[in-house]
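Quick caveat: nothing in here was measured; it's all calculated off a predicted structure. Quick note on labels: first sequence line is chain A, next is B, and so on, each numbered from 1. Because only heavy atoms are used, hydrogens play no part in the values below, and waters and symmetry mates are left out as well, while side chains stay in.
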There are 2 protein chains.
Amino acid sequence: MIRMTKLADYGIVILTHMSMERQGSLHTAHDLAARSRVPVPTASKLLKSLTRAGLVLSHRGRHGGYGLARDPDTISVAEIIAAIEGPIGLTECGTGTEGACDMESFCAAKGRWAPINQAIERALQDVPLSAMRPQTPTGQMVRLGGIAEVAP
Amino acid sequence: MIRMTKLADYGIVILTHMSMERQGSLHTAHDLAARSRVPVPTASKLLKSLTRAGLVLSHRGRHGGYGLARDPDTISVAEIIAAIEGPIGLTECGTGTEGACDMESFCAAKGRWAPINQAIERALQDVPLSAMRPQTPTGQMVRLGGIAEVAP
DNA sequence: CCTATCGGGACCTTTTCGGTCCTGTTAGGC
DNA sequence: GCCTAACAGGACCGAAAAGGTCCCGATAGG
Ligand code: SF4
Ligand code: SF4
């Protein structure tokens with residue numbers, strides 16, 4: 001139902017937890033998994049993907065772990081999703097990859113999707129990771145895709 | 001990858017074909033399947049769903065068939081997708097249905113998705129079925145989610 | 001009455017998601 | 001210098017959903 005995969009969902013949850021800590025601090029995969037209640041191997045797999053995409057930095061060896069590569073305000077939900085499940089778009093066509101759909105050559109709607117897909121991607125780019133955190137109890141304003149909300 | 005199902009995709013293609021005909025005209029499932037190159041049983045299944053949702057009208061018996069229930073300008077892509085695959089939203093949470101995700105009770109991001117899902121739904125509501133047709137060779141203006149485009 | 005058409009499911013096959021595990025590799029600490 | 005806590009990469013597998021097929025019943029023209 002136009003769902004993103006749970007992997008991407010969990011990835012965002014994990015990064016959200018990470019964003020609630022002091023930036024630059026390291027967290028082990030085990031730690032993050034426990035906090036987000038995602039199974040450890042799954043969390044580990046996600047963190048690997050996110051590292052490869054450059055969204056988190058990893059440090060190996062003893063006292064190693066993962067940390068956000070950038071400020072949570074500059075990491076968009078779109079980037080996270082793209083890192084985990086690839087290009088964003090509702091259809092096979094119009095997302096850069098050609099020839100994915102075998103109806104392309106005679107499809108009446110082909111090409112009409114590109115602007116829609118881009119609009120959705122843009123909407124997700126406008127949501128920073130910092131907006132996914134639970135709202136602060138201070139009533140701090142949170143930007144969210146152009147929509148401003150105030151915590152109760 | 002945040003894909004809608006192919007069923008929904010095909011549904012839109014079929015409706016697009018239907019919208020290119022004189023409104024009110026009837027088309028058999030077989031006819032529409034041939035024109036859109038979707039397998040007949042699949043097209044039939046889709047048309048049934050669309051009928052149940054009230055987007056197309058059906059007429060049984062000899063010389064029966066399907067026809068659009070409303071003007072193509074007043075049918076949104078969002079409606080079509082919702083008719084075929086249910087509520088629109090990237091996540092289980094924040095789409096009306098409660099308790100779908102078993103992490104809801106302790107999820108850091110829960111609740112933060114509702115506005116995003118709504119934004120996407122709104123974007124799809126802004127795209128009328130008529131905008132999915134191949135552009136006319138006359139350079140006719142086509143509204144598309146707030147973006148105006150001109151055919152070459 | 002006969003037949004073309006829709007209506008509503010049951011059903012199966014294929015894909016992909018979600019999750020696990022194993023085998024390196026790195027780097028701090030003793 | 002070795003030991004061990006962490007990440008890296010990928011193979012693997014079960015379950016779920018998607019995608020497609022088929023059948024039988026209900027309608028309504030002719
Ligand atoms: S070419 Fe047509 S059928 Fe294929 S993905 Fe694009 S819109 Fe869908
Ligand atoms: S509650 Fe959290 S994990 Fe569940 S669907 Fe919502 S955001 Fe995703």
A:Leu129 and A:Arg70: CA distance, side-chain angles, deciding distance, side-chain contact (heavy atoms from CB on, under 4.5 Å) verdict:
CA-CA 10 Å; A:Leu129 175 58; A:Arg70 309 203 303 268; over 6 Å; no

How about CZ on A:Arg37, more than 12 heavy atoms from neighbouring residues, nucleotides or ligands closer than 6.0 Å, or not?
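It does not: A:Arg37 CZ has 12 such atoms or fewer within range.
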
For C:dG18, does OP1 or OP2 lie under 4.0 Å from any side-chain N or O of A:Thr5?
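For C:dG18, OP1/OP2 do have a side-chain N/O of A:Thr5 under 4.0 Å.
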
If you apply the rule side-chain contact (heavy atoms from CB on, under 4.5 Å), what do you find for B:Leu7 with B:Glu85, and how did you get there?
CA-CA 8 Å; B:Leu7 273 308; B:Glu85 40 181 51; 5.9 Å; no

Between C:dC6, C:dT20, C:dG28, which nucleotide has the shortest distance from any of its atoms to the side chain of B:Ala29?
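Comparing C:dC6, C:dT20, C:dG28 against the side chain of B:Ala29, the answer is C:dC6.
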
Among the nucleotides C:dG18, C:dC6, C:dG9, which one has an atom lying closest to any side-chain atom of B:Lys48?
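Among C:dG18, C:dC6, C:dG9, the one nearest the side chain of B:Lys48 is C:dG9.
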
Describe the nucleic acid contact of A:Ser44 in one word from base, sugar-phosphate, nothing, applying a heavy-atom distance below 4.0 Å.
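Contact class for A:Ser44: none.
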
Applying a 4.0 Å non-hydrogen cut-off, can you work out what A:Pro41 is touching in the nucleic acid: base, sugar-phosphate, or nothing?
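Touches a base.
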
Both A:Arg62 and A:Lys6 contact DNA chain C. Which one's nearest nucleotide lies toward the 5' end?
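Of the two residues, A:Lys6 wins.
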
Nearest-angstrom distance from the residue atom [atom1] of [X] to [atom2] of [N]:
{"X": "A:Lys45", "N": "C:dC22", "atom1": "NZ", "atom2": "P", "result": "15 Å"}
{"X": "A:Tyr66", "N": "C:dT26", "atom1": "OH", "atom2": "C1'", "result": "12 Å"}
{"X": "A:Leu7", "N": "C:dT16", "atom1": "CG", "atom2": "P", "result": "14 Å"}
{"X": "B:Leu32", "N": "C:dA4", "atom1": "CG", "atom2": "P", "result": "19 Å"}
{"X": "A:Arg37", "N": "C:dG19", "atom1": "CZ", "atom2": "P", "result": "15 Å"}
{"X": "B:Leu46", "N": "C:dG8", "atom1": "CG", "atom2": "C1'", "result": "15 Å"}
{"X": "A:Glu92", "N": "C:dT15", "atom1": "CD", "atom2": "P", "result": "14 Å"}

Between which nucleotides of DNA chain D, read 5' to 3', does contact with chain B run, using atoms under 4.0 Å from its heavy atoms?
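So the outermost contacting nucleotides come out as D:dG19 to D:dG30.
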
Taking for each residue the nucleotide of DNA chain D bearing the nearest heavy atom, is the 5' side occupied by B:His59 or by B:Glu85?
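Comparing both residues, the 5'-ward one is B:Glu85.
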
Checking B:Met132 against B:Ile75 for the side-chain contact (heavy atoms from CB on, under 4.5 Å) test, could you report, in this order, the C-alpha distance in whole Å, the side-chain angles of both residues, the deciding distance, and whether it holds?
CA-CA 11 Å; B:Met132 301 308 290; B:Ile75 298 179; over 6 Å; no

Where do B:Arg122 and B:Asp126 land on the salt bridge (Lys or Arg N to Asp or Glu O under 4.0 Å) test, with the steps shown first?
CA-CA 6 Å; B:Arg122 223 173 306 122; B:Asp126 282 346; over 6 Å; no

Nearest 0.5 Å please: distance from the CD1 atom of B:Ile12 over to the CZ atom of A:Arg112.
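So the gap between those two atoms works out to 13.0 Å.
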
Go through the steps for B:Arg35 and B:His27 under the test side-chain contact (heavy atoms from CB on, under 4.5 Å), then give the verdict.
CA-CA 10 Å; B:Arg35 218 176 309 175; B:His27 314 273; 3.7 Å; yes

